[in-house]
Undergrad: 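Before anything else, here's the structure in question.
These values consider heavy atoms only, across backbone and side chains, with no hydrogens, waters or symmetry-generated copies. Naming: A, B, ... by sequence-line order, numbering from 1 per chain.
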Protein chains: 2
Amino acid sequence: MNISEKINLTGTSPEERSPEDRSMAIRESLRNAIIDRRLAPGTKLSESEVGSLFDVSRTVARAALQMLAFEGLVKTERNRGAFVSNPSPEEARQIFASRRLIEPGIVAAAVERITPEDIVQFRRQLDEEGRYLNERGPAARRAEIKASGDFHLMLASVAGNVILQRFMDELVARSSLVIALYGRSGVSSCGHSEHTAVLDALEKGDGARAAKLMIHHIDHIEADLDLQVKQGLGLKDALSPI
Amino acid sequence: MNISEKINLTGTSPEERSPEDRSMAIRESLRNAIIDRRLAPGTKLSESEVGSLFDVSRTVARAALQMLAFEGLVKTERNRGAFVSNPSPEEARQIFASRRLIEPGIVAAAVERITPEDIVQFRRQLDEEGRYLNERGPAARRAEIKASGDFHLMLASVAGNVILQRFMDELVARSSLVIALYGRSGVSSCGHSEHTAVLDALEKGDGARAAKLMIHHIDHIEADLDLQVKQGLGLKDALSPI
DNA sequence: AATGGCAAGATTGCATACGATTTGCCCATT
DNA sequence: AATGGGCAAATCGTATGCAATCTTGCCATT
């Protein structure tokens with residue numbers, strides 16, 4: 001159960017490139033590992049292990065884990081440690097309910113501010129997304145989930161509200177976890193075309209249509225999930241079946 | 001500039017009542033102090049000072065400050081320390097834009113789940129709010145801001161989405177800061193009646209009306225702000241006035 | 001008198017050490 | 001053989017120490 005191979009240490013930080021917060025770099029690295037499933041839900045992230053992996057003390061490893069706990073990607077249990085989050089179906093529903101609420105607003109804001117350069121950027125992103133769609137294997141699948149999330153994050157970035165952007169950051173990351181856990185089919189084979197449709201509407205300046213498409217898109221993602229209580233194992237639930 | 005008097009140490013934690021995370025208790029205490037202005041924006045919160053105030057080491061004080069930084073209530077500068085946030089007008093606008101987006105959704109969810117007991121609780125809360133409205137002095141003013149925020153948080157709680165609840169927690173807290181900084185008149189003398197109106201609509205099950213009232217309410221709060229760059233003090237702005 | 005540099009003080013960043021708590025294993029007892 | 005107690009290993013929670021960095025006041029120089 002060595003997590004060392006799962007984490008792309010050099011992926012986010014070429015080396016000691018940033019003299020700034022190292023805990024932030026560790027957070028980024030772990031975040032990426034979590035959202036594209038190199039670290040499975042439930043995996044234990046011990047402070048010492050993370051610390052030695054990134055060659056820092058427990059202090060800074062702990063700070064990174066605290067940040068991840070704050071954004072809901074890991075859960076910490078006192079005196080037991082930190083574990084990659086294992087979102088419950090209820091949590092999953094709430095995540096998507098939040099997205100259904102926020103993303104139309106983001107789309108509406110984005111349509112006011114999007115530039116032709118942004119459009120070009122988006123097309124490039126969608127191309128990459130489509131490329132992964134046609135590849136096989138878990139690596140391509142992971143990359144696809146990641147790219148799909150990036151589309152939504154780019155949208156939030158264009159919308160220009162840093163607070164909503166941070167909320168979306170969290171929601172997209174947690175969505176990735178949920179899809180990894182409860183996803184039924186191949187992620188969102190329809191997702192790519194839906195992204196394209198949203199972008200097309202944005203390009204035409206049709207915010208209302210883009211927002212509607214976005215809601216449908218989110219609905220489709222959630223509909224692809226199998227949110228049964230199969231993973232109920234909560235014991236608390238098991239003990240009070242009535 | 002001793003902050004010790006500003007913090008109600010016993011307010012949130014009677015003593016060592018919680019054997020659990022002390023940093024969480026410190027965060028709560030500082031949070032309360034910030035959102036009702038006992039700690040003014042810009043105030044420095046040094047690790048050692050906070051630590052000795054709560055009789056803990058810098059380690060746990062630091063953890064509390066990190067959490068506050070994460071929710072935007074304090075800003076940390078590397079090698080300089082943590083300071084109570086001084087939201088810019090732009091930040092303020094984004095905070096209220098976010099609330100305009102999220103709160104109608106919360107209201108819509110709340111109308112589906114609100115119980116008669118909740119209504120009673122809300123009435124009690126509104127009574128207390130009204131009481132502060134008729135009192136004079138900064139203490140009553142602070143209590144009024146707090147109580148006003150609590151109304152929105154109760155709503156989020158009733159809505160039953162813990163993620164949105166946490167977002168609102170952050171947004172309400174930051175709003176308090178913004179109102180403290182840019183508030184023009186007496187907070188929201190109209191706010192109380194508007195809260196009542198929202199609740200009335202909720203009680204009648206008229207979610208659409210409640211949502212509309214909520215948007216107006218938020219608009220009114222924001223309209224009461226003086227979001228000029230008077231506090232621009234950024235120097236960077238002052239130097240490039242064109 | 002104003003400016004520039006320097007050194008002392010203060011504060012954070014980080015690592016490490018020690019105590020506390022939990023977990024799992026082993027063995028004794030029934 | 002199953003159960004219960006207790007010990008040992010592992011891990012977390014917290015305090016503290018040291019180095020790095022920033023601030024500030026002082027002094028020399030112009």
Undergrad: Quickly work out the B:Asn79 CG to C:dC14 P distance and round it to whole Å.
TA: 9 Å
Undergrad: Nearest whole angstrom, please: distance from the P of D:dT14 to the CG of B:Asp21.
TA: 6 Å
Undergrad: For a 4.5 angstrom cut-off between non-hydrogen side-chain atoms, does A:Arg141 reach A:Glu135?
TA: no
Undergrad: Could you check how far CZ of B:Arg78 sits from C1' of D:dT21, rounded to whole Å?
TA: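 Rounding to the nearest Å, CZ of B:Arg78 and C1' of D:dT21 are 9 Å apart.
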Undergrad: Looking at B:Ser46 and C:dT12, is any side-chain donor or acceptor paired with a base atom of the opposite kind under 3.5 Å?
TA: no
Undergrad: For A:Leu45 and D:dC12, what is the distance between atoms CG and C1' respectively, to the nearest whole Å?
TA: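 Result: 14 Å.
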Undergrad: Can you find a side chain N or O atom of A:Arg22 that sits less than 4.0 Å from OP1 or OP2 on C:dA15?
TA: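 A:Arg22 to C:dA15 OP1/OP2: side-chain N or O found under 4.0 Å.
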Undergrad: Examine D:dA15: is either OP1 or OP2 under 4.0 Å from a nitrogen or oxygen in the side chain of B:Ser57? Give yes or no.
TA: yes
Undergrad: What is the distance, rounded to the nearest whole Å, between atom CZ of A:Arg58 and atom C1' of C:dT16?
TA: 10 Å
Undergrad: Please determine whether side-chain hydrogen bond (donor to acceptor under 3.5 Å, both in side chains) holds for the pair B:Glu117 and B:Thr115, giving the CA-CA distance in whole Å, both sets of side-chain angles, and the decisive distance to 0.1 Å.
TA: CA-CA 5 Å; B:Glu117 294 79 47; B:Thr115 67; 3.3 Å; yes
Undergrad: Got a sec: does the CZ of B:Arg31 have more than 12 other heavy atoms crowding it under 6.0 Å?
TA: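 Atom CZ in B:Arg31 is crowded, with more than 12 foreign heavy atoms closer than 6.0 Å.
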Undergrad: In whole angstrom, what separates A:Gln66's CD from D:dC12's P?
TA: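 These atoms are roughly 12 Å apart.
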Undergrad: Quick one: OG on A:Ser85 to CD on A:Glu71, what's the gap to the nearest 0.5 Å?
TA: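 With rounding to 0.5 Å, OG (A:Ser85) is 10.0 Å from CD (A:Glu71).
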Undergrad: In whole angstroms, how far is the P atom of C:dT21 from the CD atom of A:Glu47?
TA: 17 Å
Undergrad: Please evaluate the base of C:dG13 for a donor-acceptor partner in the side chain of B:Arg80 within a cut-off of under 3.5 Å?
TA: no
Undergrad: For a quick check, tell me whether the side chain of B:Ser48 and the base of C:dT12 share a donor-acceptor pair closer than 3.5 Å.
TA: no
Undergrad: With respect to the phosphate group of C:dG13, does any side-chain polar atom (N or O) of B:Arg62 fall under 4.0 Å of OP1 or OP2?
TA: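 Yes, B:Arg62 has a side-chain N/O under 4.0 Å of OP1/OP2 on C:dG13.
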